[in-house]
Engineer: 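Below you'll find the structure I mean.
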Amino acid sequence: IQYPPISCVAMYNSQVGYRSFWWGKGHTGYKSWRHLPKNLGFSAGFYGFLAANQPHNQPSRWLDNRIIDTPSPTPFSTLDYGRRILQAIDAHNVSEPMFMFFAWQDAHTPYDCSRLAEIDMAKLAREQKCDGREKIYSSCCMYALLKQTDATIGRISWAIQQKGMWGNSLVVLASDN
């Protein structure tokens, strides 16, 4: 099969010196090997999963062009992505511009609040008047997931600013991909 050429913003950015990273959800990447983020210009790295959805504690994730097993217990995805992003920012050469794409899975099913490290679900349930009914619990769970995502994004923004890269970085946040 002859495929048409693929173009992606990361490909253009790499031509002008950006180091491009992608973290999180990427179900556009599993159509073929040439569709993997690493082959679409995200040459500095990809870490996440390539599926329509998966549990936050799925034991396998993609690193660049290969599947890796995560340590046991599997880290909650938002915290895992955030930790890796902060490590990449810390290691980044500030003389190079950076393009970062984050596709968080928190606004996407399946909603899993069982392992939220930073959110007191019992307190949240009282504040949001979650009474255990599935629909109400789901909306409280989504609220908690997004609250944790927001805290992680705050840490990332602070790290970029502290590193002196705020004016030389392109950061894209997506609730999905």
Side-chain angles (χ1 to χ4, degrees), residues 6 8-10 13 19-89 98-121 124-125 128 130 134-160 169-177:
I6 298 173
C8 179
V9 67
N13 286 346
R19 296 200 64 229
S20 296
F21 298 88
W22 179 340
W23 288 279
K25 185 178 186 304
H27 72 268
T28 56
Y30 63 77
K31 181 177 180 182
S32 73
W33 281 103
R34 70 187 211 116
H35 289 89
L36 291 172
K38 190 83 170 174
N39 299 331
L40 293 175
F42 291 93
S43 57
F46 168 73
Y47 180 75
F49 72 97
L50 300 172
N53 61 37
Q54 78 174 24
H56 290 271
N57 59 347
Q58 179 75 19
S60 61
R61 298 203 173 119
W62 282 79
L63 177 63
D64 298 326
N65 287 349
R66 67 187 188 285
I67 296 174
I68 62 167
D69 288 325
T70 57
S72 183
T74 304
F76 194 82
S77 61
T78 303
L79 298 176
D80 191 26
Y81 302 153
R83 178 183 57 82
R84 288 174 177 267
I85 292 166
L86 292 174
Q87 289 171 345
I89 292 167
M98 180 170 53
F99 171 51
M100 304 171 81
F101 177 72
F102 316 139
W104 302 107
Q105 75 188 83
D106 291 340
H108 196 291
T109 59
Y111 304 127
D112 176 10
C113 291
S114 64
R115 295 183 26 183
L116 288 175
E118 298 179 358
I119 306 298
D120 179 343
M121 283 301 291
L124 178 70
Q128 299 298 315
C130 298
E134 185 56 35
K135 186 173 183 178
I136 293 173
Y137 176 79
S138 291
S139 77
C140 285
C141 179
M142 179 183 265
Y143 174 80
L145 289 165
L146 295 177
K147 191 171 180 177
Q148 182 158 298
T149 298
D150 187 53
T152 303
I153 291 168
R155 284 191 291 279
I156 292 165
S157 298
W158 182 86
I160 293 170
S169 297
L170 176 59
V171 178
V172 177
L173 306 169
S175 63
D176 197 341
N177 62 343

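Owing to the predicted nature of the structure, the values given are computational and were not obtained by experimental measurement. One is the number of the first residue; the rest follow in order along the sequence.
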Engineer: State, to 0.1 Å, how close L40 and A10 come at their nearest heavy-atom pair, and which atoms those are.
Structural biologist: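 Taking every non-hydrogen atom into account, O-CB, 3.7 Å.
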Engineer: Between K147 and D150, is the closest basic N to carboxylate O distance under 4.0 Å?
Structural biologist: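 No, this pair does not count.
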Engineer: Donor-acceptor pair, distance only, cut-off 3.5 Å: does the side chain of D64 make one with the backbone of F46?
Structural biologist: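 Checking the backbone N and O of F46 against the side chain of D64, a donor-acceptor pair under 3.5 Å is found.
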Engineer: Minimum heavy-atom separation for R155 to L86, with atom names?
Structural biologist: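 Looks like O-CD2, 3.7 Å.
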Engineer: Does the side chain of V172 reach to within under 4.5 Å of the side chain of M100, using non-hydrogen atoms?
Structural biologist: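 A side-chain contact is absent here, since even the closest heavy-atom pair is not under 4.5 Å.
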Engineer: Kindly compute the distance separating CG (D69) from CG (L63), expressed to the nearest 0.5 Å.
Structural biologist: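 So the gap between those two atoms works out to 12.0 Å.
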Engineer: Taking the six-membered ring for Trp, are F99 and F42 closer than 6.0 Å centroid to centroid?
Structural biologist: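 They qualify: ring centres under 6.0 Å apart.
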Engineer: Would R61 pass as a cation-pi partner of F49, given that its NZ or CZ must be under 6.0 Å from the six-membered ring centre and within 45 degrees of the axis?
Structural biologist: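 Verdict for F49: no cation-pi partner in R61.
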Engineer: So, using side chain to side chain donor-acceptor pair (under 3.5 Å) as the criterion, who are the partners of R19 when residues are at least two apart?
Structural biologist: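 Expected list: none.
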Engineer: Would you mind reporting whether Y47 and D80 have side-chain heavy atoms less than 4.5 Å apart?
Structural biologist: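 They are in contact (side-chain heavy atoms under 4.5 Å apart), so the answer is yes.
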Engineer: Tell me, with the steps shown, if F101 and V171 meet side-chain contact (heavy atoms from CB on, under 4.5 Å).
Structural biologist: CA-CA 6 Å; F101 177 72; V171 178; over 6 Å; no
Engineer: Taking the side chain as C-beta and beyond, is there a heavy-atom pair between L50 and P37 under 4.5 Å?
Structural biologist: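 They are in side-chain contact.
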Engineer: Is the closest side-chain heavy-atom distance between T78 and L145 below 4.5 Å?
Structural biologist: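 No. Closest side-chain heavy atoms not under 4.5 Å.
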Engineer: Distance only, no hydrogens: is a donor on one side chain within 3.5 Å (strictly under) of an acceptor on the other, for Q105 and S77?
Structural biologist: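 A pair is found: one side chain offers a donor N or O, the other an acceptor, under 3.5 Å apart.
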Engineer: Before you tell me yes or no, could you show the steps for W23 and Y81 under ring-ring contact (aromatic ring centres under 6.0 Å, His included), namely the whole-Å CA-CA distance, both residues' side-chain angles and the distance that decides it to 0.1 Å?
Structural biologist: CA-CA 6 Å; W23 288 279; Y81 302 153; 8.9 Å; no
Engineer: Would you indicate whether the side-chain heavy atoms of W22 and K38 approach each other to under 4.5 Å?
Structural biologist: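 No, side chains not in contact.
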Engineer: Examine distances only and state if a side-chain atom of K25 and a backbone atom of A103 form a donor-acceptor pair shorter than 3.5 Å.
Structural biologist: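 No; zero donor-acceptor contacts below 3.5 Å.
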Engineer: Is there side-chain contact between T152 and W104, with at least one heavy-atom pair below 4.5 Å?
Structural biologist: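 They are in side-chain contact.
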